[in-house]
Novice: 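Okay, here's the structure, questions in a sec.
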There are 2 protein chains.
Amino acid sequence: MEKQTITIYDVAREANVSMATVSRVVNGNTNVKPATRKKVLEVIDRLDYRPNAVARGLASKKTTTVGVIIPDMTNMFFASLARGIDDVAAMYKYNIILANSDSNGEREVQVLNTLLTKQVDGIIFMGNEITPELRDEFRRTKTPIVLAGSIDEENVNPSVNIDYVAAVQEEVKNLIDRGNKKIAFVCGPLSQAINSKYRLKGYKEALKSAGIPYDEKLVFETDNSYKSGMLLQPALSSMGVTAAMVSDDELAAGIMNGMTDAGVKVPSEFEVITSNDTKIAEIVRPKMSSITQPLYDIGAVAMRLLTKLMNNEEVTEKNVLLPYGLMKRDSTK
Amino acid sequence: MEKQTITIYDVAREANVSMATVSRVVNGNTNVKPATRKKVLEVIDRLDYRPNAVARGLASKKTTTVGVIIPDMTNMFFASLARGIDDVAAMYKYNIILANSDSNGEREVQVLNTLLTKQVDGIIFMGNEITPELRDEFRRTKTPIVLAGSIDEENVNPSVNIDYVAAVQEEVKNLIDRGNKKIAFVCGPLSQAINSKYRLKGYKEALKSAGIPYDEKLVFETDNSYKSGMLLQPALSSMGVTAAMVSDDELAAGIMNGMTDAGVKVPSEFEVITSNDTKIAEIVRPKMSSITQPLYDIGAVAMRLLTKLMNNEEVTEKNVLLPYGLMKRDSTK
DNA sequence: CTGAAAGCGCTAACAG
DNA sequence: CTGTTAGCGCTTTCAG
């Protein structure tokens, strides 16, 4: 009644060879006489033998699975990266264990540890922030870890990103060049380096170059949700801003819809630029202008990088910056 | 230089007990004297011992990981289900191996097999269609499989869904009651049972009850993409339809934007109802009326069901239908 | 309550 | 080119 697992031993017996030989043909080792290989293959087929990856993992110390820590797979931005990760992983015969962390530091540490316990060959981390505790854990393990679309201030781990500072700076400069004097900067938690140390920096530099004084009151810190964006309209309007640089597409969509609902015309009275160029930017009306990021590629390149690390290959470029772009749509003049 | 893995054996030696005892305390077995437990726990802590899940999996034949096959994690509908799956999985100490299939039958079979190879304890399948080959594979394995938000015409596997027929029927009836005579039915491939055997059936039944003859020309088969929706406007307009029942949110958003761009007023001249109530329905303007599905819950319940199956618990309801709703927004009168 | 011992199914030297 | 032999790190009877 029990699952009658057939093992490498059964195949060996039926084929009159040793386990080692079966193992060799299963693993594509070339040192097997064609005739023997054929015979073994036949038996494998006849018995419908399937290697047990767990046993293999124990013996070889390789599981061909990588862990992927993601804040929320329901967030288009991260989902897009993850898709790139999975595709490249599949290409290299890896599977991914996907774990949502909700950007919760404790949960991230916990997830990391269970991933390590499961002996993943490598890990890709996506997150808005790397807590000191998490960084400690990163340092403790020998398992390669690469960051995808995520900032580590201390830059110890390999990573794949775009140049957030330059991208924001460029967009804000354009806003200024079109005559905007009061430009809001709306972003997620400033506790996250990507917002405070990168995007905000780009914003400030653009202002500085244009000789516009930085006004803290034009910085709106919120969470990256649609609803928060919707609720921001009164605050934005009361400050008299004529444009906003926003760190997240859902947030930006909320802001835009909130303004529109309040009778503010986009883009003639209010311009908005978003940052991630997910599907949402194109679906809303007016379509949103955005920094374009090669989302899929960020994930794909990160996974590719990880394969090299897992393979102990030489890696020349540890912190990859992929090119970004600026997509002009209908939410800007 | 090598990773100095410390094993259960090291702990046993340091604590002056046997491996068996260490194993017991690690696994929370109650038959251990408190003093012994304490001593072992101390050593575990001091040595920073972490059980190797692979070895454990080999010995116990349980991996505490489940496989999740998903068409595309970048699709909000499936991503939402998957989120529910992962949360419940985490609750029960499982991890998920997530694999994208692109709804490709061959790929699905292949993925299923590598999942089985990895000895997952169970599988959740999401897909628009179950090919005969895939169904064969399902039948061959003893590993429990449950379908989430996915139709199997032959109903052999446990599943969690909503009543698509009734939901569509109800929405179309409302459309008819508001005076619409020519109602388009727009969906993904009719080769998929969920479209042809369920949704379309609901559409037909609603027409029938109202005494409206079924017109094949009002059925538009496409893929579930935003772009396809955008391109449908001329065809829709030329047929003189005043409303559409759509099977997917991105598709519906495309249709709505396409109509709007062509100068057709929604909802006064054209009503549209979508089916999945993802974030997109709320973000577009006008907001789309939709069948509401408890997306997260479908995944969550499916995973919960799977835990029971993996545990050999009695399952009374094999094919679960969760309640759906109708959300009136601004794309309908 | 605890220990000894036998595997789980496979890989990886090492011989030959 | 192929077989032998150890394990990989842990769980699980079976005794005691």
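Within every chain, numbering begins at 1; the chains are lettered A, B, ... in the order of the sequence lines, protein sequences first and strands thereafter. Note that the structure is predicted; figures quoted are calculated from it, not measured.
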Novice: In this structure, how many angstroms lie between the P atom of C:dC10 and the CZ atom of A:R13, rounded?
Specialist: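 Roughly 13 Å, once rounded to whole Å.
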
Novice: Can you measure A:M19 atom CE to C:dG7 atom P for me and round it to whole angstrom units?
Specialist: 14 Å

Novice: Separation of A:D121 atom CG from D:dC8 atom P, in whole Å?
Specialist: 19 Å

Novice: Going by number, which of residues 51-63 of chain A have a non-hydrogen atom under 4.0 Å from DNA chain C?
Specialist: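 Residues of residues 51-63 of chain A that come under 4.0 Å of DNA chain C are, in numerical order, A:P51, A:N52, A:A55, A:R56, A:A59, A:S60.
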
Novice: Protein-nucleotides 13-16 of chain D N/O pairs closer than 3.5 Å?
Specialist:
none

Novice: Give a yes or no answer on whether the side chain of B:D10 reaches the backbone of B:T7 with a donor-acceptor pair at less than 3.5 Å.
Specialist: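 Confirmed, B:D10 side chain pairs with B:T7 backbone.
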
Novice: Whole-Å distance between C:dG9 C1' and B:Q119 CD?
Specialist: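 Spelled out: CD on B:Q119 to C1' on C:dG9 is 9 Å.
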
Novice: In this structure, how many angstroms lie between the P atom of C:dC8 and the CZ atom of A:R50, rounded?
Specialist: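 Atom CZ in A:R50 sits about 20 Å away from atom P in C:dC8.
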
Novice: Is the backbone N or O of B:V54 less than 3.5 Å from a side-chain atom of B:N52, with the two atoms forming a donor-acceptor pair by type?
Specialist: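 Yes; judged by distance alone, with no hydrogens or angles, the pair exists.
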
Novice: Would you say C:dC8 has OP1 or OP2 under 4.0 Å from some side-chain N or O of A:T5?
Specialist: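 No, A:T5 has no side-chain N/O under 4.0 Å of OP1/OP2 on C:dC8.
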
Novice: With rounding to the nearest 0.5 Å, note down the distance linking NZ in A:K93 to OG1 in A:T307.
Specialist: 14.0 Å

Novice: Quick one: is A:Y49 getting a side-chain N or O under 4.0 Å of the C:dC10 phosphate, OP1 or OP2?
Specialist: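 Yes, A:Y49 has a side-chain N/O under 4.0 Å of OP1/OP2 on C:dC10.
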
Novice: Please give, in whole Å, the distance from C:dT2 P to B:R37 CZ?
Specialist: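 B:R37 atom CZ is separated from C:dT2 atom P by 9 Å.
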
Novice: Is B:S23 touching bases, backbone alone, or none of the nucleic acid, heavy atoms closer than 4.0 Å?
Specialist: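 The answer is base, as B:S23 lies within the cut-off (heavy atoms under 4.0 Å) of a base atom.
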
Novice: With a 4.5 Å cut-off on side-chain heavy atoms, are B:D87 and B:R83 touching?
Specialist: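 Result yes, sub-4.5 Å side-chain heavy-atom pair found.
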
Novice: For B:N155, is there any backbone N or O sitting under 3.5 Å from a side-chain donor or acceptor partner on B:D152?
Specialist: yes

Novice: Contact class for A:V22 (heavy atom, under 4.0 Å): base, sugar-phosphate, or nothing?
Specialist: nothing

Novice: Let me know the distance between CG of B:L47 and P of D:dG9, rounded to the nearest Å.
Specialist: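 Result: 14 Å.
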
Novice: Hey, could you give me the CG/OG1 distance between B:L116 and B:T143, rounded to the nearest 0.5 Å?
Specialist: 4.5 Å

Novice: Which pair of non-hydrogen atoms, one from A:I96 and one from A:I85, has the smallest distance, and what is that distance?
Specialist: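 It is CG2-CG2, 4.2 Å.
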
Novice: With respect to the phosphate group of D:dT2, does any side-chain polar atom (N or O) of A:S18 fall under 4.0 Å of OP1 or OP2?
Specialist: no

Novice: Side chain of A:V32 only, heavy atoms from C-beta on: which candidate in D:dG3, C:dG3, D:dT2 is closest?
Specialist: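 Given the options D:dG3, C:dG3, D:dT2, the side chain of A:V32 is closest to D:dT2.
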
Novice: Could you give the CD1-to-P distance, from B:I6 to D:dC8, as a whole number of Å?
Specialist: 14 Å

Novice: Using ring pair (Phe, Tyr, Trp, His ring centres under 6.0 Å) as the criterion, list what pairs up with B:F77, not counting sequence neighbours.
Specialist: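 For B:F77, no residue satisfies ring pair (Phe, Tyr, Trp, His ring centres under 6.0 Å) once neighbours in sequence are set aside.
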
Novice: Hey, what do you get for CZ (B:R24) to CE (B:M19), rounding to the nearest 0.5 Å?
Specialist: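 It comes to 11.5 Å.
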
